[in-house]
> 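Got a structure for you, written out below as structure tokens; questions coming shortly.
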Protein chains: 2
Amino acid sequence: MMQLTHAEENYLKAIYQLSEAGKKGVSTNDISAEMKTKPASVSDMLRKLGEKEVIEYRKYYGVHITEEGKKFALRTIRKQRLWEVFLVEKLRFAWDEVAEVADELEHVQSTILIQRLDEYLGFPKFDPHGDPIPDEYGDVRSRPRLPINEIDINGTGQIVAVKDSSAAFLRYLDKVGAYIGARIKVLEKVEFDGSIEILVDNKKTIFMSKDVAANILVMV
Amino acid sequence: MMQLTHAEENYLKAIYQLSEAGKKGVSTNDISAEMKTKPASVSDMLRKLGEKEVIEYRKYYGVHITEEGKKFALRTIRKQRLWEVFLVEKLRFAWDEVAEVADELEHVQSTILIQRLDEYLGFPKFDPHGDPIPDEYGDVRSRPRLPINEIDINGTGQIVAVKDSSAAFLRYLDKVGAYIGARIKVLEKVEFDGSIEILVDNKKTIFMSKDVAANILVMV
DNA sequence: ATAGACTTTTAGCCGACACTAAAAAATAAT
DNA sequence: ATTATTTTTTAGTGTCGGCTAAAAGTCTAT
Ligand SMILES: [Mn+2]
Ligand SMILES: [Mn+2]
Ligand SMILES: [Mn+2]
Ligand SMILES: [Mn+2]
């Protein structure tokens, strides 16, 4: 079984996630932005990933991830999310503090380590941001979910995930009192700017911009 | 604060441990053997570590670690040993299975991670091999200890550590029933070859070669 | 259809960390 | 005190993963 370097794992994970979001081919510039490296560096990496057949690479036309590539990406994502659960559940990290550390931990090579960690954590199905944790075969049991701004007025649901996991956004959610698991009801949608008022746990109302609403995912 | 790469951390840890064992200057060949790299690679690394002032390097005359270097080495060792405790205590790894994984985990950069891990493990003072875990200031509370072959006949003590942490040696100890914490009594020392018979926990006798005995450390 | 703008790739460079082969220094043996 | 042996360093190479500058390809607007 061919091996990927840390850098290759990071790129492949980014490519997988970008292609999940956008569906079609992922551009060099997109990857460059996501990875905070220069487009020239991305081109070079794409060549290498292409040679390893984890992506299909047509010069100038973006990339598609292969089935083999998906397996690798999902393995890394599984590791990342299990470590995130560990950091939050066991080491009392806040959900906005886990990204950097998990991004390192995900590269530790040991099948048994991950199996044991999974078991130790009680086989969690979702990470602290509500993202599904692939099983060891790469199967992802994803929940149907909608951004709040697509919920009808008076519609209800439960917050199950966030689309943006940046520390800034997560801390904002903490501040206003939105969290994974919260039951919400859409009270009002302002036509003018798309901003939204929701009721949280039948107790507290929160006003949020359309931008914020679009990054909170709800299961109806 | 200057930063060390993974490779530099590994070399520095090896240099620290070799100099603790042997007391005087550490040779290029020693490091090469320990790190399983070629002497030429070691020379190059020594030059770099010398520039970073974590070692004192006189060409052709081996190296000495500096105070600054000790701090770095002890920090890495602390991380390694805390992770070893985690793997054994929480993830049910055997004591001969932790080396490789801990050798990767020790490089994860996060002060808070290590503090929290330490706390989560209950501030352990020793790792699964009986080696002391430096505190966050680099202080090591080491126990006075002797290899079994230096104990007088009829002398008693408690196994507190092993000098050799190779999987082969540790599995051998498992097989014969020697373990950290066991109470022992030296029953016989064969003059001819230095082999030794000990009584473990007032129950079981074990014969061992001098070589084995020299790698089991006892607190009297 | 062509010019201009934007995107992407190529070419060349650099630092980190391995290696081999050869030179140089230190140490051991005669 | 030479010579031989061993240890260590230097010189040169290669891979990995980043960079900048320049070239080349694609897309857009007139
Ligand atoms: Mn990563
Ligand atoms: Mn997450
Ligand atoms: Mn290591
Ligand atoms: Mn240990």
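Just so we're on the same page: letters track the sequence lines, and every chain starts at 1. Scope of the values below: all heavy atoms of this structure, side chains included, with no hydrogens, waters or symmetry mates.
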> Quick one: A/L4 CG to D/dC16 P, roughly how many Å, whole number?
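My rounded result for the distance is 12 Å.
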
> Between D/dT7 atom C1' and B/K38 atom NZ, what is the distance in whole Å?
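The answer, rounded to whole Å, is 15 Å.
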
> Could you go through the side-chain contact (heavy atoms from CB on, under 4.5 Å) check for A/I151 and A/I196 one step at a time?
CA-CA 10 Å; A/I151 309 267; A/I196 288 172; over 6 Å; no

> When the distance from NZ of A/K48 to P of C/dT9 is rounded to whole Å, what number comes out?
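Roughly 15 Å, once rounded to whole Å.
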
> Just say parallel, tilted or perpendicular for the rings of A/Y120 and B/Y120, cut-offs at 30° and 60°.
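Plane angle over 60°, so perpendicular.
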
> Which nucleotide, C/dC17, D/dG17, D/dA21, lies nearest any side-chain atom of A/A40?
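Of all the options, the side chain of A/A40 is nearest to D/dA21.
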
> Look at A/D135 together with A/R78 and state whether they make a salt bridge at an N to O cut-off of under 4.0 Å.
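Here A/D135 does not pair with A/R78 in a salt bridge, since their nearest N and O are not under 4.0 Å apart.
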
> Write down the distance between CZ (A/R58) and P (C/dT9), rounded to a whole number of angstrom.
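Going from CZ in A/R58 over to P in C/dT9 covers 11 Å.
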
> Just N and O in the side chain of B/T5: are any of them under 4.0 Å from OP1 or OP2 of C/dC17?
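It does, given that an N or O in the side chain of B/T5 lies less than 4.0 Å from OP1 or OP2 of C/dC17.
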
> With a 4.0 Å cutoff (strictly under), does any side-chain N or O of B/Y11 reach OP1 or OP2 of C/dA18?
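For C/dA18, OP1/OP2 do have a side-chain N/O of B/Y11 under 4.0 Å.
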
> Does a salt bridge link A/K70 with A/E67, judged by any charged N lying under 4.0 Å from a carboxylate O?
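Looking at A/E67 together with A/K70, the answer is yes, because their closest N to O distance falls below 4.0 Å.
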
> Among A/R75, A/H6, A/K13, find the residue that satisfies the side-chain hydrogen bond (donor to acceptor under 3.5 Å, both in side chains) test when tested with A/E106.
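Answer to the side-chain hydrogen bond (donor to acceptor under 3.5 Å, both in side chains) test with A/E106 among A/R75, A/H6, A/K13: A/K13.
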
> Classify the nucleic acid contact of A/S41 as base, sugar-phosphate or nothing, counting any heavy atom under 4.0 Å across all strands shown.
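A/S41: base contact, heavy atoms under 4.0 Å.
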
> What is the distance from CE of A/M45 to C1' of D/dC16, rounded to the nearest Å?
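It works out to 8 Å between those atoms.
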
> For B/P39 and B/K52, find the nucleotide of DNA chain C closest to each by heavy atoms; which residue's nucleotide sits nearer the 5' end?
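Per heavy-atom nearest nucleotide, the more 5' residue is B/K52.
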
> Mind checking A/S43 for me? I need base, sugar-phosphate or nothing, with any heavy atom below 4.0 Å counting as a touch.
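Base, at least one base atom sits under 4.0 Å.
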
> Quickly work out the B/E51 CD to C/dG15 C1' distance and round it to whole Å.
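Taking atom C1' of C/dG15 as the reference, CD of B/E51 is at 12 Å.
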
> Can the ring centroids of B/Y11 and B/Y16 be said to lie less than 6.0 angstrom from one another?
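No.
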
> By nearest heavy atom, map B/N29 and A/D44 onto DNA chain D; which one lands nearer the 5' end?
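Upstream on the strand: B/N29.
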
> Provide, to the nearest angstrom, the distance between the NE2 atom belonging to B/H6 and the C1' atom belonging to C/dG15.
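Rounding to the nearest Å, NE2 of B/H6 and C1' of C/dG15 are 16 Å apart.
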
> Shorter than 3.5 Å, N or O on both sides, protein versus nucleotides 25-29 of chain D: list them out with atom names.
from	atom 1	to	atom 2	distance (Å)
D/dG25	O4'	A/Y60	OH	3.4
D/dT26	OP1	A/Y61	OH	3.3

> Are B/E8 and B/K52 within salt-bridge range, i.e. N to O under 4.0 Å?
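Result for this pair is yes, salt bridge flagged.
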
> Can you find a side chain N or O atom of B/T28 that sits less than 4.0 Å from OP1 or OP2 on D/dT9?
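The answer is yes; a side-chain N or O of B/T28 sits under 4.0 Å from OP1 or OP2.
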
> To the nearest Å, give me how far apart CZ (B/R47) and C1' (C/dA16) are.
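Rounded to the whole Å, the gap is 10 Å.
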
